[in-house]
Enquirer: 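Supplied in C-alpha cells, the structure appears directly below.
In what follows, every heavy atom counts, from backbone to side chain, and hydrogens, waters and symmetry copies are set aside. As the structure is a computational prediction, the values presented were derived from the model and not from experiment. First listed ligand is number 1; within each ligand, the first listed atom is number 1.
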Amino acid sequence: MYLKEYTELKNEELIDRIKTAKTEKNAVILCHNYVRDDVQRVSDILGDSLGLSRRAAATDADVIVFCGVMFMAETAKILAPERTVLIPEKGAGCPLAACATMEDVLEMRRKYPDHIVISYVNTTAEVKAVSDICCTSGNALEVVKSVGEAPVIFLPDKNLGAWVKRELGKDNMILWDGGCYVHQFIGLEDIERARSENPGATIIVHPECPPEVTLAADVVASTSGMYNYAAKHNEPIILGTEIGLTERINRELPDKKVGWMKGSAICSNMKLITLPKLARCLEQDIYEVTIDEPIRAAAEGAIQKMVELG
Ligand code: 13P
Ligand code: SF4
C-alpha cells in the first residue's frame, strides 16, 4: 500500500492497524513531546530526549518505532543496536543538528586539542562519534559540571551553551554558533505579554531560548522538566517552548492551568510524523534507521557517559 492510500483511511482504521501491527511485531512506540497530538495518543512512551534515550536503551521490544526527529531515532539505534529502529518519516530532520558536521568538529579539535567536546544530543551520529560526551537539555548542567575545570567546546546550540555557562559561571567554554528556529525567536516581548495576560503565572522556558529570555523566566527546564513541574504545582503556568508539549499536558493533566507562550512556536520537522506514516511504518518497516558500526560504537561511548551521569 502506498502512503496516499493510508492518508485516505479514517483515523479509527489507522489506529486499529497501528495497534495490530505493533502487537504482531512486538514493537514499542516512543514519541517526543512535540509530535502531533493524534500520534502522541497512540504512542506507548512520551518524553524528552533524555527520557526517551533511557527507555530505548532499556526496552525488550524487538522493534522501536521512534516518533520524533532523526537524531532521536539514531540515538535509540546507537543505544539499542540489536533492535530494529524505525522512523515514520526519514525527512524529519532537525536543522539545529544539521548545523555541525563531523569535519567541523575534527577541525575544532585540531585547533583546541586540550578542550573537551560536549555535544548536545541534537547532533548527527557522526558528530557524536567524534565527541567526548553528550548531553541533553535535561542534564546539560550536570554533564558540563562533570568535566570540572577543563576547557570545553559546546555544540551546537549557543543558547543552551550560554545558559550553562552563566549558571555554572564557567568562562572557559567555546560555544558553537547554532540555534533552533523554534526557540530562538521566543523573545522578551513574549514573556512580557505572557506576564501581563496571566498575572501570577509561573513562566517556564526551554534552555534553547535566547539568554535574555532564560534570564527573565521563573524556571528553565527541558520538556519533561516542564511536564514534571506542572504535575507538582497548581498555579497557572505558561510554557516557552514548542506547542506540542502544552497539548500533552492539557490532555493528561486537565485540572492544571497550562498555556503556551507563543502559538507560532511549531517545529514543522516534528509535525512531519503523522498517523498514516506511522501505520505504514509499522506495517511495512518504512523507514529503518541504520548507522555504520564504527560510527555507532564511537557515538555510543559519548552517549553512555551521559546516561551513566544520570
Ligand atoms: P527536550 O530534550 O527538552 O525534549 O528538547 C528536545 C528538543 O529538540 C528541543 O527543541
Ligand atoms: Fe530541532 Fe528545534 Fe525542532 Fe527541537 S524544536 S527538533 S531543536 S528544530
Enquirer: Hey, which atoms in ligand 2 end up nearer than 4.0 Å to a heavy atom of Tyr181?
Expert: 8 (S)
Enquirer: In the protein, which heavy atom is nearest to atom 5 (O) of ligand 1, and how far is it?
Expert: His206 NE2, 3.3 Å
Enquirer: Taking the side chain as every heavy atom from C-beta outward, state whether Leu239 and Ile249 have any atom pair closer than 4.5 Å.
Expert: yes
Enquirer: Checking Arg109 against Val117 for the side-chain contact (heavy atoms from CB on, under 4.5 Å) test, could you report, in this order, the C-alpha distance in whole Å, the side-chain angles of both residues, the deciding distance, and whether it holds?
Expert: CA-CA 8 Å; Arg109 276 195 172 284; Val117 176; 3.7 Å; yes
Enquirer: If you measure from each non-hydrogen atom of Asn122 to ligand 1, which part falls under 4.0 Å: side chain, backbone, both or neither?
Expert: side chain
Enquirer: Determine whether any heavy atom of Glu242 lies closer than 4.0 Å to an atom of ligand 1.
Expert: no
Enquirer: With a cut-off of 2.8 Å, does Cys267 put an N/O/S atom close enough to atom 3 (Fe) of ligand 2?
Expert: yes
Enquirer: Number the atoms of ligand 2 from 1 as they appear, then name those within less than 4.0 Å of a heavy atom of Asn122, with their elements.
Expert: 7 (S)
Enquirer: Quick one: look up the protein heavy atom nearest atom 6 (C) of ligand 1 and list residue, atom name and how far away it is.
Expert: Ser49 OG, 3.4 Å
Enquirer: So if I count the atoms of ligand 2 from 1 in the order they appear, which ones are less than 4.0 Å from some heavy atom of Pro95?
Expert: 8 (S)
Enquirer: For Asp48, which part has a heavy atom under 4.0 Å from ligand 1: side chain, backbone, both, or neither?
Expert: both
Enquirer: How far is atom 10 (O) of ligand 1 from its nearest protein heavy atom, and which residue and atom is that?
Expert: Glu208 OE1, 2.9 Å
Enquirer: Charged N to carboxylate O below 4.0 Å: is that the case for Asp132 and Lys305?
Expert: no
Enquirer: For the pair Glu189 and Arg193, find out whether any cationic side-chain nitrogen is under 4.0 Å from an anionic carboxylate oxygen.
Expert: no
Enquirer: For the pair Arg296 and Glu300, find out whether any cationic side-chain nitrogen is under 4.0 Å from an anionic carboxylate oxygen.
Expert: yes
Enquirer: Under 4.0 Å between a side-chain nitrogen and a carboxylate oxygen: does that hold for Glu13 and Arg17?
Expert: yes
Enquirer: Assess Cys94: does it contribute an N, O or S atom lying under 2.8 Å from atom 1 (Fe) of ligand 2?
Expert: yes
Enquirer: Is there a polar contact between ligand 1 and Asn33, counting only N or O atoms under 3.5 Å apart?
Expert: no
Enquirer: Looking only at distances, can you tell me whether any N or O atom of Ser222, backbone or side chain, sits closer than 3.5 Å to an N or O atom of ligand 1?
Expert: no
Enquirer: Please report whether ligand 1 has a polar contact with Thr136, defined as an N or O pair separated by less than 3.5 Å (distance criterion only).
Expert: no
Enquirer: Under 3.5 Å, is there a donor on one side chain and an acceptor on the other for Tyr34 and Thr241?
Expert: yes
Enquirer: Out of all atoms in ligand 1, which are within 4.0 Å of some heavy atom of Tyr34? Include the element for each.
Expert: 7 (C), 9 (C), 10 (O)
Enquirer: Please determine if Asp44 and Lys22 form a salt bridge, counting it only when a charged side-chain N lies under 4.0 Å from a carboxylate O.
Expert: yes
Enquirer: Below 4.0 Å from ligand 2: does a non-hydrogen atom of Asn269 turn up there or not?
Expert: no
Enquirer: Below 4.0 Å from ligand 2: does a non-hydrogen atom of Glu208 turn up there or not?
Expert: yes
Enquirer: I'd like to know if Arg41 pairs up with Asp38 as an ion pair, taking the criterion as any Lys NZ or Arg NE/NH1/NH2 lying under 4.0 Å from an Asp or Glu carboxylate oxygen.
Expert: no
Enquirer: For the residue pair Tyr229 and His233, does the interplanar ring angle fall in the parallel (under 30°), tilted (30 to 60°) or perpendicular (over 60°) class?
Expert: parallel
Enquirer: Just which atoms of ligand 1 are under 4.0 Å from any heavy atom in His183?
Expert: 10 (O)
Enquirer: Quick one: which ligand 2 atoms are inside 4.0 Å of a heavy atom on Cys180?
Expert: 2 (Fe), 5 (S), 7 (S)
Enquirer: Run the salt-bridge test on Arg195 and Glu192 with the 4.0 Å N-O cut-off and return the result as yes or no.
Expert: no
Enquirer: Any carboxylate oxygen within less than 4.0 angstrom of a Lys/Arg side-chain nitrogen, looking at Glu74 and Lys77?
Expert: no
